[in-house]
Structures are given as C-alpha cells and as structure tokens.
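Each remark here refers to the structure printed beneath this line.
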Amino acid sequence: MPELAEVEYFRRQWNAGIGKKVVGVSWHKTARVNRGLNTVKISRLLKGATFYSSHAAAKQMAFRFSNGIWIGLHLGMTGRLECGDEQRAPTPYDHFVIKMSGGKNLFFVDPRQFGRVLFYQGDGVPDWWAKIAPPILSKAFNAEVVAAFLERRSRAPIKAVLLMQERFPGIGNWMADEVLWRAGFHPSAKAGNFGPVAIKKLTATLKKVCTDAMRVIGKDWSDPPRTWLFNHRWSDGGKCPHSKQHLKRTEIGGRTTCWSPAKQKLGAERR
DNA sequence: ATTCTTGTTGCATC
DNA sequence: AGATGCAACAAGAA
C-alpha cells in the first residue's frame with residue numbers, strides 16, 4: 001500500500017547497500033516497470049558505481065550513485081523494496097535487482113507492475129525528481145495554496161481532489177479517507193464549497209495524518225492504533241471508531257471510499 | 001468463475 | 001483551454 005509513509009519505509013530497505021559498490025544488475029527484460037529504459041546501457045553505467053544515498057518524496061524514491069547516477073523508483077500499487085543475500089528465494093516479480101559488494105542484493109518487486117524504474121545521469125537533478133510538489137509537511141504547503149487549488153477544482157468531489165499529486169504529494173486512497181474522516185468532511189463535498197474555516201481544518205488535518213503515518217508506518221511499519229479509520233475501512237461492515245455507527249463504502253472519484261455518515265455530513269465544508 | 005484492488009496516464013467529453 | 005471522468009495497465013486475493 002505504498003503511499004507517503006509506506007514509500008518512506010521501503011526507501012530505507014535499500015540502505016544496507018549505502019557505501020557499497022554495484023557488482024551487477026539484473027533485469028526482468030519484458031517487465032512493464034522497466035519500459036522505456038535502455039537496460040543494457042544502465043547496467044554498464046551502474047557497474048562499479050558507489051551507492052551514496054536514498055531519498056523519498058511523495059510516492060517517488062531516488063537512489064543516488066557516484067558518477068551523477070540517479071535511479072528513480074515508483075512503487076505503483078503493489079511494489080516493494082527488499083534487501084537480501086544469496087539465501088533469499090527469488091520471486092517471479094523481481095523485476096530489477098542491484099547486486100552490491102558485501103553480498104547484499106537490492107530488489108524491486110512488483111507483481112502488478114503499475115510501478116516504474118527511472119534513470120538519470122548528470123550534474124543536475126532529474127525532472128522526475130525536481131517537479132514533485134512541495135511536501136505537505138513543509139511551510140510551502142499551507143491554507144493559501146490549498147484554497148487556490150480547491151477553487152480551481154471546484155466541481156470535483158474533495159476525495160478526488162486530495163488524490164491529485166500535483167498538490168497533495170504522497171496522499172493515496174487510505175490517507176485521503178483518513179483525512180476526510182478526521183476532519184469531518186463528506187468525501188463527495190465539492191471542492192469549491194469549502195470555506196476558509198474548513199480549508200484551515202483540512203490543511204491542518206492533512207499535516208497531522210502525514211505526521212502520524214510517518215511516525216507509525218514510516219518508522220517500522222507498525223499497525224496504526226484502532227482509533228484510526230485505517231483499521232476499519234478495508235471491507236464492508238466496519239464501525240466508525242468514534243461514533244460506533246456503520247461506515248459506508250462506495251466509489252467516489254473513481255476510488256473505493258470509506259466514510260462515517262454520522263461524522264461526515266455534507267454542508268460541514270461551507271464554513 | 002467473478003469481482004475487487006492501496007496508482008497513474010492518456011484520451012474522450014464536458 | 002481547462003477541468004473532469006473513465007478505461008487501461010497486470011495479477012493476486014477473496
């Protein structure tokens with residue numbers, strides 16, 4: 001479930017290779033995650049390079065190597081990163097593997113292949129990294145920019161708008177539901193109906209959910225407390241941990257959405 | 001067997 | 001022109 005905090009967790013799974021050199025690279029040649037890449041050329045460039053650092057922003061990861069090499073990874077829907085030695089059993093979905101000196105191998109595994117591998121070499125910063133929107137947990141993300149964005153997307157349901165990475169980097173389906181549930185807004189509320197009080201509340205709740213998710217899931221993949229919607233949203237019949245009333249699940253903005261009708265009523269956004 | 005899915009993109013339509 | 005909605009991508013799980 002790679003959203004903001006899951007991506008942060010997976011990023012660190014490759015850190016055992018930092019400071020080591022690339023011994024070899026293996027690719028699953030026909031895998032969709034490697035589309036558009038010259039895998040032969042990248043293997044040649046990577047071989048012998050030193051792994052410098054790992055980074056995560058939104059749902060994108062970057063791994064920097066010597067000689068100005070960047071490897072970008074997006075986990076899509078089902079991607080994950082693993083680190084293992086010779087003992088690790090291969091899976092059919094090890095689409096991209098970097099073998100490091102010292103015997104640690106770095107695996108990008110993705111059954112459903114909505115993920116993607118990116119490559120860059122140069123003195124600058126690759127476009128796919130530079131263009132990521134300011135983090136929700138930064139000062140640049142504030143009620144003013146949220147208000148401007150909601151106005152532009154005025155006719156779309158707020159649930160769909162929160163999934164737009166150009167303004168809400170790292171927010172995915174469960175985080176969007178968690179935010180709307182905590183803030184008390186109906187997922188179908190039109191973005192253009194949000195008043196200044198509601199926008200402040202939405203902005204603060206976005207920051208809170210990101211902070212909480214990073215502490216719990218981003219740190220060591222701990223289970224979120226039962227007090228979060230997170231634990232109750234995955235199947236029909238769940239109960240709201242606050243109101244104890246039934247949760248509803250329907251498709252809104254093209255995604256499965258779970259909310260508490262008792263806690264999230266249309267109209268609350270008009271303040 | 002059928003339906004569902006935690007993300008993004010490209011295209012059709014409004 | 002810009003915003004919005006939706007199918008498509010692939011494959012496991014229920």
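Per chain, numbering begins at 1; letters A, B, ... match sequence-line order.
- To the nearest angstrom, P of B:dG7 lies 15 Å from CZ of A:Arg32.
- Between A:Gln165 and B:dG7 there is no side-chain polar atom (N or O) within less than 4.0 angstrom of OP1 or OP2.
- To the nearest 0.5 angstrom, A:Met175 atom CE is 7.5 Å from A:Ile217 atom CD1.
- Within a 6.0 Å radius of CD in A:Glu166, other residues, nucleotides and ligands contribute more than 12 heavy atoms.
- Remark: the separation of the P atoms in B:dC4 and C:dC6 is 15 Å, to the nearest Å.
- Put simply, CH2 on A:Trp234 is 16 Å from P on C:dA13, counting in whole angstrom units.
- If you take NE2 on A:His95 and CG on A:Leu73, they are separated by 12.0 Å, rounding to the nearest 0.5 Å.
- Within the structure, the side chain to side chain donor-acceptor pair (under 3.5 Å) test picks out the following pairs touching residues 202-217 of chain A (sequence neighbours left out): A:Arg182-A:Asp212, A:Lys208-A:Asp212.
- Place A:Ala156 and A:Pro111 on DNA chain C by their nearest nucleotides, and A:Ala156 ends up nearer the 5' end.
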Next on the checklist: Let's test your reading of the pairing rules: Watson-Crick or G-U wobble, both distances under 3.5 Å, then write DNA chain C as a dot-bracket string with ( ), [ ], | and dots.
Outcome noted: .||||||||.||||

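- Using a 4.0 Å cut-off, some side-chain N or O of A:His74 falls inside it from OP1 or OP2 of B:dT8.
- Taking atom CZ of A:Arg255 as the reference point, atom C1' of B:dT5 lies 8 Å away to the nearest angstrom.
- Rounded to an integer number of Å, the gap from A:Arg155 CZ to B:dC14 C1' is 7 Å.
- Using a 4.0 Å heavy-atom distance criterion, A:Gly254 is classed as making no nucleic acid contact.
- Note that A:Arg64 lies outside the cation-pi zone of A:Phe51, set by a 6.0 Å cut-off to the ring centre and a 45° limit from the axis.
- Judged by ring centres under 5.5 Å apart and planes tilted less than 30 degrees, A:Phe114 fails to stack against the six-membered base ring of B:dT8.
- Summary of the strand contacts: A:Arg116 and A:Asn173 both lie near DNA chain B, and taking for each the nucleotide with the nearest heavy atom, the more 5' one is attributed to A:Asn173.
- Protein atom CE of A:Met77 is 13 Å distant from nucleotide atom C1' of B:dT9, rounded to whole Å.
- Note: CZ (A:Arg152) to P (C:dA1) measures 16 Å, nearest angstrom.
- Distance, A:Glu166 CD to B:dT8 P: 12 Å, rounded to whole Å.
- In this structure, CD of A:Gln113 is placed 14 Å from C1' of C:dA8, rounded to the nearest angstrom.
- Side-chain contact between A:Lys239 and A:Gln245 is absent, with no heavy atoms from C-beta onward closer than 4.5 Å.
- A distance of about 15 Å separates the P atoms of B:dT3 and C:dA7, rounded to the whole Å.
- Closest heavy-atom contact between A:His74 and A:Phe108: O-CZ, 3.6 Å.
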